[in-house]
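Here the structure comes first, spelled out in structure tokens, and everything after it is commentary.
So that the names make sense, note that chain A is the first sequence line, chain B the second, and so on, each numbered from 1.
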Amino acid sequence: MSLAKEKISNMLAAAVEKAQRDGILPQVPIPEYLIEKPQNPLHGDYACTLPLKLARIAKMNPLQIAQKLVDMITPTDEIESVTAAAPGFLNFTLRAEWLQKRVPLIIKGGSHFGDTDTGKAQKVQIEFVSVNPTGPMHVGHGRGGIIGSTLANVLSAAGFHVKKEYYVNDAGNQIDLFNKSLYARYKQALGLDEPMPADGYMGEYMKDLGKKFADEFGDKFEKIQLADGQKQLGAIGQERMITWIKEDLAQANVSYDNWFSENDLYKKGSYRKAITLLKEQGYVTEKEGAQWFASTILGEDKDNVLVRSTGAPTYFASDVAYHYNKFVERGFDRVIDIWGADHRGHINRKKMATYAMGIDPNRLQILIYQLVTLKRGDEVIRISKRTGNIITLREIIDEVGPDAVRFFFLQRSADSQMEFDLELAKKQSSENPVFYIQYAHARIVSILRSAAERGITWENGDVSKLTDKAELAFIRKMIQLEEVVENAALAMEPHHLPHYAMGLANSFTQFYEHCRVLTPDSELTYARLKLVEAGRIALSRTLTLMGMSTPEKM
RNA sequence: GCGUCCGUAGCUCAAUUGGACAGAGCAUCAGACUUCGAAUCUGAGGGUUCAGGGUUCGAGUCCCUGCGGGCGCACCA
């Protein structure tokens, strides 16, 4: 919580306590209340609705309660005034002197300005994208990557110890299918007859890859036994796919601390231990030759297969093992999984499996983002990796640039189903809010550059000169960053950042229009340059949290 | 059919988690550059928040019903 908000909260709590002690308010339980930012600046910097909430319980007029509380509060260094407003709001206004003093603190904060200690160093693991290494990433996957990487940034800023992870599904059915498909394309490229498997990966990229490997390795894999050839060639193909995915993600400025192999769950015993644990807890039943997770015991509407009658584990089983590994073997306090809406139906069974292993299911949080509909003008593009009809993330990034793509995806809340119109995205890229924000940053740097060229040093600038409305509004906006960070982190809603960034850029621009920085008045110039430097830090931090670049020239 | 997410300005989306007059960008219209960056700024128009009921001091937000759309409902992942 930001300093000002915290102070107000404490002030208010003290006032309520005193009012009750003095018999001005009846001895009733005090309801939960929040210190909020009113959307109308006329209502001050912060507001509280406690009197309204208290009215019924205390059987008093809310405005009267507000009035009495105002009387109990004495202004502080931070707060200039507290007023009661109909029908029962408390409005707090920050003191200009206090705001001015934030400027050197922002500069001191530097690249850590906006950080909070909300997370108390809790260990959080966040897993996102994790598409199978069987093909390129399409635009929809990009949304998960961008939401995930930004949320990770925000959580780190909020004081959590965050590890980002990509789960590589390098085992199971889809991999077999990929191997067979690749092998078929490879042999075809060698001029030999080999049918594609039913439901194989039909995309053009598989033909390219087959051809590439035919050139690279000749008939090396064709000469050995079929199953071995498929497996060995497949392994190389998967490697290639992972490299490809990594490159695509890197282009979108998405990176990871760890790439976790599904195969390791089997090799290192996590799978065996997790299933054994479930059995010991009595949650595994046997039906029709398969082993099931008996989630119906816990209220699910159906059980889920863990081990097929063939003896092969399902995806669900390895995922259970994976989460056993996250919680038990690696000891994360919290685990966040980011999934597309097509996995929505798996939340319950996943949470129940977590519970069944003796882990508090609230430690597992699943963030669902709605799928992206791709359009080209009015035409909806159906995505299918198997038939090969995909628009890749890379294509979009090449077309509109990584910053615009990130901003475009980030702006929408995760549960809004968004349309990505390729024509529009391209057209809008020159008329994008992204450029407005980055332009503000470039302009700031340009002002600082001009000052430096004129040999002006402003480090000792006196911030008490910053009294213009636009100057104070700009400071107000800057210090809001830590509230945005905290809120975005706790609610897992990174989409607040772009909106904040727009507001911040806008309040700088307002300042720029109203207040000339480099003026004949050298004292004023120093003070304003100091403010501009603080603005640079705030804007730069905001852009960085969103994974965007901070251009100094455009 | 059942579950789930969504429906807000012409378009794309916000709305501090139940608060004050529902806000931005784009688009449209009218203005502003001899300045530290005009990729900018000033102003205008644009709304029955899908519809109907309910809960309460207060509802875009919560509950119910209906309509419309996305996504699920495999021994696929």
Side-chain angles (χ1 to χ4, degrees), chain A residues 34-40 42-43 47-49 52-53 55-56 61-63 85-89 91 130-132 134 169 172-175 177 199 287-292 301-302 304-310 312-316 318-319 340-348 368-373 408 411-421 424-425 427-428 430-436 438-440 442-451 454 480 483-484 487 490-491 493 495-496 498-499 502-503 506 509-510 512-519 525 528-529 532 553-554:
Chain A
L34 292 170
I35 308 295
E36 301 170 308
K37 267 199 111 44
Q39 36 186 325
N40 187 336
L42 292 175
H43 297 135
C48 184
T49 60
L52 287 164
K53 295 187 197 306
R56 185 152 41 147
N61 178 321
L63 190 57
F89 293 99
N91 293 334
S130 299
V131 298
N132 289 353
T134 53
N169 298 116
N173 270 347
Q174 294 304 315
I175 288 298
L177 207 52
D199 292 330
K287 277 185 292 194
E288 299 150 23
Q291 296 186 42
W292 300 67
D301 47 9
K302 60 180 171 37
N304 298 97
V305 176
L306 287 165
V307 185
R308 299 183 182 91
S309 47
T310 61
T314 60
Y315 171 85
F316 177 56
S318 39
D319 210 28
D342 51 342
H343 289 75
R344 172 69 231 212
H346 297 170
I347 294 180
N348 270 346
I368 295 291
Y369 64 89
Q370 298 301 314
L371 300 180
V372 179
T373 310
F408 194 87
Q411 245 187 326
R412 279 92 172 151
S413 78
D415 52 17
S416 81
Q417 46 195 78
M418 56 179 287
E419 292 190 342
F420 198 114
D421 185 334
L424 202 66
K427 202 174 84 187
Q428 280 191 345
S430 58
E431 295 285 343
N432 208 295
V434 173
F435 296 97
Y436 178 83
Q438 294 185 322
Y439 182 69
R443 213 178 213 178
I444 283 177
V445 172
S446 170
I447 294 171
L448 294 168
R449 197 186 300 126
S450 301
R454 297 177 198 189
Q480 207 185 319
E483 288 167 27
V484 172
N487 185 25
L490 291 178
E493 289 177 348
H495 74 272
H496 294 300
H499 293 94
M502 276 297 285
N506 183 254
T509 309
Q510 297 290 331
Y512 175 84
E513 295 292 329
H514 281 84
C515 307
R516 203 182 153 76
V517 179
L518 304 175
T519 68
T525 300
R528 287 188 171 162
L529 277 170
V532 167
K553 277 182 186 165
M554 291 174 72

- Query: Which is true for A:Ala290 with a 4.0 Å heavy-atom rule: it touches a base, it touches only sugar-phosphate, or it touches nothing?
  - Reply: base
- Message: Once you apply a heavy-atom cut-off of 4.0 Å, does A:Met502 come out as touching a base, just sugar-phosphate, or nothing?
- Response: sugar-phosphate
Provide the Watson-Crick or G-U wobble partner of [N], both distances under 3.5 Å; none if there is no partner.
| N | value |
| --- | --- |
| B:G58 | none |
| B:U4 | B:G70 |
| B:G18 | none |
| B:C26 | B:G10 |

For [X] and [N], is the shortest distance between a side-chain N/O and OP1 or OP2 below 4.0 Å?
| X | N | result |
| --- | --- | --- |
| A:Asn173 | B:A77 | yes |
| A:Ser450 | B:C36 | no |
| A:His495 | B:A15 | yes |
| A:Ser416 | B:A14 | yes |

Please give the distance between the [atom1] atoms of [N] and [M] as a whole number of Å.
| N | M | atom1 | answer |
| --- | --- | --- | --- |
| B:U49 | B:G3 | C1' | 26 Å |
| B:A22 | B:G60 | P | 9 Å |
| B:A14 | B:C2 | P | 29 Å |
| B:A24 | B:C36 | P | 30 Å |
| B:G68 | B:G52 | C1' | 15 Å |
| B:U16 | B:U61 | P | 12 Å |
| B:C41 | B:U35 | C1' | 14 Å |
| B:C11 | B:A51 | P | 15 Å |

- Item | First of A:Lys553 and A:Cys48 reached from the 5' end of RNA chain B, by closest nucleotide | A:Cys48
- Message: Reading RNA chain B from 5' onward, which residue's closest nucleotide shows up sooner: A:Met418 or A:Leu42?
- Response: A:Met418
- Task: Over all heavy atoms of both residues, which pair between A:Gln174 and A:Thr134 is shortest? Give the atoms and the distance, please.
- Result: O-CG2, 4.0 Å
- Message: Would the base of B:C75 count as contacting A:Ser309 through its side chain, where contact means a donor and an acceptor less than 3.5 Å apart?
- Response: yes
